[in-house]
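Everything on this sheet refers to the single structure shown next.
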Amino acid sequence: MSVFKGEVTSLPPDKSISHRAALIASLSDGETEIMNFSAGFDNQSTLGVLQACGIPVRQEEVPGPWGAAVRRVVIQSKGLWSFTPPSAPLQCNNSGSTMRMFSGILAGQPFQSELVGDASLLKRPMRRIADPLMQMGAGVSLSPVGTAPVVITGTKDLRAISYRLPVASAQVKSLVAFAGLHAEGETRIYEPLLSRDHTELMLGLEPRIENNERVIVVPGRRQLDARPFQIPADPSAACFIVALGLLGRGSEIMIRDVCLNPTRAAFLDILIRSGAAVTIENRRTVGGESIGDILVDGSRDMEPLVISDPQEVAIAIDELPMLGVLSSFATERFELTNAAELRTKESDRIEALAMNLERLGFECHQEPAGLSVTGRRERPAGPVEVECYDDHRIAMSFAVASKACGEDIVLSDREVAGVSFPNFFSLIDSLEV
Ligand code: S3P
């Protein structure tokens with residue numbers, strides 16, 4: 001069992017907010033400065049597709065508030081219709097956010113484009129983006145099974161629509177909002193379950209409540225003026241460090257300047273409810289987002305995690321793999337239901353968790369929308385290879401268990417962590433005492 005101590009000031013900048021800052025900059029009139037942009041592969045894919053569509057992007061390293069360098073990105077645009085037809089398919093690599101959210105923008109451009117990705121992205125469901133965009137008047141074609149390549153025939157004549165999200169998805173909400181910015185009239189997005197709300201916050205769209213449902217109203221064809229963005233640290237990355245501290249008994253870790261937007265911080269509520277010693281300090285608002293410091297004290301026992309509320313699942317969706325691995329190793333129990341969406345991520349994360357936990361000796365039972373871990377038969381004697389399935393969060397979840405619990409785990413792919421957390425391995429090594 002290892003012990004971890006220290007202060008973390010080098011978490012990656014938030015992936016979701018970085019994507020949106022770059023996309024909104026590409027739609028705004030003028031020069032946008034984004035401070036602390038993420039170096040993760042996914043966010044770099046978004047900058048790549050913008051450049052391939054004629055948007056000038058500059059990146060440089062500048063001194064950050066904690067001493068180490070941070071990334072400053074500058075994006076130039078002349079507003080909603082500044083894109084030029086790409087000369088080749090747009091490469092989104094592993095990034096579902098890039099493919100889905102940029103599709104909303106391409107739907108409003110008067111040219112045809114094609115979006116492609118890596119093996120993992122080519123398996124993910126895309127009908128959820130084709131449906132609203134086709135209702136708005138764009139042409140969208142997919143593979144026969146509803147996956148990428150996505151070919152979009154955009155139009156300057158997009159129509160505003162009223163759209164009720166069939167699944168809780170901030171990516172789909174955002175792509176409809178981005179398309180809505182190009183459409184004639186007001187686009188209304190009904191959201192039965194709340195998902196992360198960065199797009200609304202960053203576009204200054206105040207949600208309304210109608211008949212108990214959240215509605216976002218997007219005014220079409222309004223000029224957006226360039227404004228600077230400052231990206232806080234990624235709570236989904238913080239979750240791995242929190243789990244490291246909780247599994248490494250006797251650990252004490254302070255994590256600084258983390259985005260604590262309530263639509264992202266549900267994993268902390270889940271942990272606190274289960275008795276974990278996690279506290280929030282120094283809460284404040286920066287650039288419209290709530291941020292604060294997280295103190296992890298790994299000296300207390302926690303109860304098994306039981307996660308079943310669909311709303312909670314929606315806003316802890318990216319943290320569920322780490323929570324599942326943490327609960328399994330700390331308590332030999334885990335209970336997750338109402339989480340079918342977890343099968344549509346960079347991998348089928350229910351399957352990936354179950355297969356790997358079983359290899360590590362746990363008893364698992366999969367349901368279409370969930371997973372339960374009911375105990376551990378044995379701890380395997382030799383090294384166990386964990387299959388990462390092209391999925392950064394699966395790789396990092398098991399890497400945390402390996403590091404903190406002294407499990408002999410070999411990851412099938414360490415590089416994939418760089419999708420969202422390029423300094424993951426050096427950071428966890430630096431915290432070990
Ligand atoms: C994201 C939304 C979520 C999340 C993904 C990032 C976003 O996906 O899993 O990592 O930035 O909007 P869905 O919208 O598919 O739920």
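Positions are given from 1, in the same order as the sequence printed here.
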Does C53 offer a backbone N or O that forms a donor-acceptor pair with the side chain of T84 under 3.5 Å?
-> yes
Salt bridge (Lys or Arg N to Asp or Glu O under 4.0 Å) assessment of E184 paired with R221 = CA-CA 7 Å; E184 179 76 50; R221 304 198 175 161; 2.8 Å; yes
Side chain to side chain, F398 and K403, heavy atoms closer than 4.5 Å = no
Between K173 and S195, is there a donor-acceptor pair closer than 3.5 Å when you use the side chain of the first and the backbone of the second?
-> yes
Say whether, by atom type as modelled, one donor and one acceptor occur between the side chain of N356 and the main chain of A352 under 3.5 angstrom.
-> yes
Reported OG-to-CG distance for the pair S82 and L50, which is rounded to 0.5 angstrom | 11.0 Å
Excluding sequence neighbours, so at least two apart, what forms side chain to side chain donor-acceptor pair (under 3.5 Å) with S372?
-> none
Check the side chains of D391 and S347 for a donor-acceptor pair under 3.5 angstrom, ignoring hydrogens and angles.
-> yes
Nearest-0.5 Å distance, CG of residue L106 to OG1 of residue T155 | 13.0 Å
Is a side-chain donor-acceptor pair under 3.5 Å present for Q44 with Q59?
-> yes
Over 12 non-hydrogen atoms of neighbours within 6.0 angstrom of CE in M355 | no
Step by step, would you call N43 with S38 a side-chain hydrogen bond (donor to acceptor under 3.5 Å, both in side chains)?
-> CA-CA 6 Å; N43 291 120; S38 170; 3.2 Å; yes
Going by heavy atoms in the side chains, are T187 and L158 under 4.5 Å from each other?
-> no
Quick one: salt bridge (charged side-chain N to carboxylate O under 4.0 Å, His left out) pairs with a partner in residues 7-24, sequence neighbours left out?
-> E7-R256, D14-R264, K15-D42
Is it the case that R71 places NZ or CZ above or below the six-membered ring of F37, under 6.0 angstrom from the centre and within 45 degrees of the axis?
-> no
Ionic contact status for R273 with E312, cut-off 4.0 Å = yes
Non-hydrogen atoms of L268 and V278 that approach each other most closely = CD2-CG1, 3.7 Å
State, with a plain yes or no, whether a side-chain heavy atom of I307 is found less than 4.5 Å away from one of F334.
-> yes
Write down the atom of A399, the atom of F425, and the distance for their closest heavy-atom approach.
-> CB-CE2, 3.9 Å
Side-chain heavy-atom pair W66, S10 within 4.5 angstrom cut-off | no
Does the side chain of R393 come within less than 4.5 Å of M322's, by heavy atoms?
-> no
Go through the steps for L133 and V176 under the test side chain to side chain contact (heavy atoms under 4.5 Å, CB included), then give the verdict.
-> CA-CA 7 Å; L133 295 180; V176 177; 5.9 Å; no
Between L342 and the options L336, L371, D318, the side-chain contact (heavy atoms from CB on, under 4.5 Å) test singles out L336
So, does T285 use its side chain to make a donor-acceptor pair with the main chain of G288 at under 3.5 Å?
-> no
Between NE2 on residue H198 and CD1 on residue I17, distance to nearest 0.5 Å = 4.5 Å
Look at the side chain of D293 and the backbone N and O of D257, then say whether any donor-acceptor pair between them is shorter than 3.5 Å.
-> yes
Under 4.5 Å between any side-chain heavy atoms of V74 and T32, yes or no?
-> no
Could you name each residue pair satisfying side chain to side chain donor-acceptor pair (under 3.5 Å) that touches residues 104-118, not counting sequence neighbours?
-> N94-D118, Q109-H182, Q112-T153
Is the shortest side-chain N to carboxylate O distance from E200 to R214 below 4.0 Å?
-> yes
Donor-acceptor pair, N282 side chain versus G292 backbone, under 3.5 Å?
-> no
Tell me, yes or no, whether the heavy-atom count around E281 atom CD, taken from other residues, nucleotides or ligands under 6.0 Å, exceeds 12.
-> yes
Between S412 and E385: side-chain donor-acceptor atoms closer than 3.5 Å = no
Hey, are R72 and E33 close enough for a salt bridge, meaning a charged N less than 4.0 Å from a carboxylate O?
-> yes
Sorted by chain and residue number, the side chain to side chain contact (heavy atoms under 4.5 Å, CB included) partners of A316 (sequence neighbours excluded) come out as A266, I270, E319, L320
Got a salt bridge between E210 and R188, using NZ or NE/NH1/NH2 to carboxylate O under 4.0 Å?
-> yes
Between the side chains of S95 and N93, is a donor N or O closer than 3.5 angstrom to an acceptor N or O?
-> no
Do other residues, nucleotides or ligands put more than 12 heavy atoms under 6.0 Å from the CD atom of Q51?
-> yes
What are the two closest heavy atoms between S28 and S77, and how far apart are they?
-> O-CB, 3.2 Å
Just jot down the side chain to side chain donor-acceptor pair (under 3.5 Å) partners of D348, sequence neighbours excluded, or say none.
-> R343
Is any side-chain heavy atom of L246 less than 4.5 Å from a side-chain heavy atom of V242?
-> yes
So how far is it from E186 CD to R222 CZ, rounded to the nearest 0.5 Å?
-> 10.5 Å
Separation between CZ (F329) and CG (L247), nearest 0.5 Å, reads 8.0 Å
Just how far is it from atom CD1 of I255 to atom CG of L427, taken to the nearest 0.5 Å?
-> 9.0 Å
Test V296 against I241 for side chain to side chain contact (heavy atoms under 4.5 Å, CB included), laying out the working first.
-> CA-CA 9 Å; V296 192; I241 308 301; 6.0 Å; no
Taking all non-hydrogen atoms of both residues into account, name the closest pair between L181 and L80 and its distance.
-> O-CD1, 3.5 Å
Kindly determine whether I428 and F424 satisfy side chain to side chain contact (heavy atoms under 4.5 Å, CB included), including the steps that lead there.
-> CA-CA 6 Å; I428 63 175; F424 171 76; 3.8 Å; yes
If you look at every heavy atom in Y163 and R128, which pair is closest and at what distance?
-> OH-O, 4.3 Å
Answer yes or no: is there a side-chain heavy-atom contact under 4.5 Å between F178 and S103?
-> no
S308 side chain vs T337 backbone, donor-acceptor pair below 3.5 Å | no
Verify the neighbour count for atom CZ of R414: are there more than 12 heavy atoms of other residues, nucleotides or ligands below 6.0 Å?
-> no
Okay, side chain of S327, backbone of L305: is any donor-acceptor separation there less than 3.5 Å?
-> yes
For Q311 and L194, indicate whether the former's side chain and the latter's backbone hold a donor-acceptor pair under 3.5 Å.
-> yes
Got a sec, which pairs hit side chain to side chain donor-acceptor pair (under 3.5 Å) with one end in residues 141-151, sequence neighbours left out?
-> S143-T147
Of all heavy-atom pairs between S174 and A170, which one has the smallest distance, and what is that distance?
-> OG-O, 2.6 Å
State whether the side chain of E367 and the backbone N or O of A369 hold a donor-acceptor pair below 3.5 Å, judged by distance alone.
-> no
